[in-house]
Amino acid sequence: MDEEVIPILRVGDVAAAVGWYERLGFTRQWEHRFEPGFPAFAEVARGRVRLFLSEHTGDARPGTLVYLRVKDVDAVAAEFGAQVTRAPWAREVELRDPDGNRLRVGTPTE
């Protein structure tokens, strides 16, 4: 097994969050609830990139920032109707998911 880091993002509604992340090219891998009506915890993946989405209070704070490197930031910007900006290290767009978590998505300039 390769070691990896998987950010956990706090969400209010896993199903709505998964739908939003699917627009970004992620796919739902699995979802877990201890019992019906309990908070959900899910994993989404885009290639080797994984995120955990949690309805559990205390797992993470809304407004978290995650940086995602992609091959084509213009395609992401077009999907979300966002403007690409140029930084010294990459062309980037910043998005907010429905729960206020920030995703800075960039394509390196070199």
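Along the sequence shown, residues carry numbers from 1. What you see is a predicted model; the values in this text were computed from it and never measured.
Note on V11: it clusters hydrophobically with V18, by side-chain heavy-atom contacts below 4.5 Å among ILVMFWY residues. Taken together through direct or relayed side-chain contacts under 4.5 Å among Ile, Leu, Val, Met, Phe, Trp and Tyr, F41 and I6 form part of one hydrophobic cluster. F26 and F52 are not part of a single hydrophobic cluster, where members link through side-chain heavy atoms under 4.5 Å apart. Hydrophobic clustering (side-chain heavy atoms under 4.5 Å, transitive across Ile, Leu, Val, Met, Phe, Trp, Tyr) groups V44 together with L95.
In this structure, L103 CG and L9 CG are separated by 6.5 Å, a value rounded to the nearest 0.5 Å. A distance of 16.0 Å separates CZ in R28 from OH in Y21, rounded to the nearest 0.5 Å. For the atom pair D97 CG and L24 CG, the distance stands at 10.0 Å (nearest 0.5 Å). Here the straight-line distance linking atom CZ of R86 with atom OG1 of T109 works out to 7.0 Å at 0.5 Å rounding. Within the model, atoms CZ of R104 and OG1 of T85 stand 8.5 Å from one another, a figure rounded to the nearest 0.5 Å.
Every side chain to side chain contact (heavy atoms under 4.5 Å, CB included) that P98 has, sequence neighbours left out, goes to W20. Judged as a side-chain hydrogen bond (donor to acceptor under 3.5 Å, both in side chains), and not counting sequence neighbours, the contacts of Q29 are T27. Checked against side-chain hydrogen bond (donor to acceptor under 3.5 Å, both in side chains), E92 has the following partners two or more places apart in sequence or in another chain: Y67, W89. Residues passing the side chain to side chain contact (heavy atoms under 4.5 Å, CB included) test with P108, sequence neighbours excluded: R69.
Listed here is the closest heavy atom pair of I8 and A60: O-CB, 3.3 Å. When every heavy atom of E31 is checked against every heavy atom of A40, the shortest pair comes out as OE2-CB, 3.8 Å.
When side chains are defined from C-beta on, V105 does not count as touching E94, because their heavy atoms never get closer than 4.5 Å. Residues P7 and V66 form a side-chain contact, since some pair of their non-hydrogen atoms from C-beta on lies under 4.5 Å apart.
The side-chain hydrogen bond (donor to acceptor under 3.5 Å, both in side chains) analysis of residues 32-45, with sequence neighbours excluded, yields the pairs W30-E43, E43-R50.
Between the N101 side chain and the R10 main chain, a donor and an acceptor come within less than 3.5 Å of each other. Counting only distance, with no hydrogens or angles, the side chain of T107 and the backbone of V70 share a donor-acceptor pair below 3.5 Å.
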Tabulate below the donor-acceptor pairs under 3.5 Å that side-chain atoms of residues 72-83 make, not counting sequence neighbours, or state none.
residue: D72; atom: OD1; partner: D74; partner atom: N; Å: 3.2
residue: D72; atom: OD1; partner: A75; partner atom: N; Å: 3.3
residue: D74; atom: OD1; partner: R91; partner atom: NH1; Å: 3.3
residue: D74; atom: OD1; partner: R91; partner atom: NH2; Å: 2.9
residue: D74; atom: OD2; partner: R91; partner atom: NH1; Å: 2.8
residue: E79; atom: OE2; partner: R23; partner atom: NE; Å: 3.0

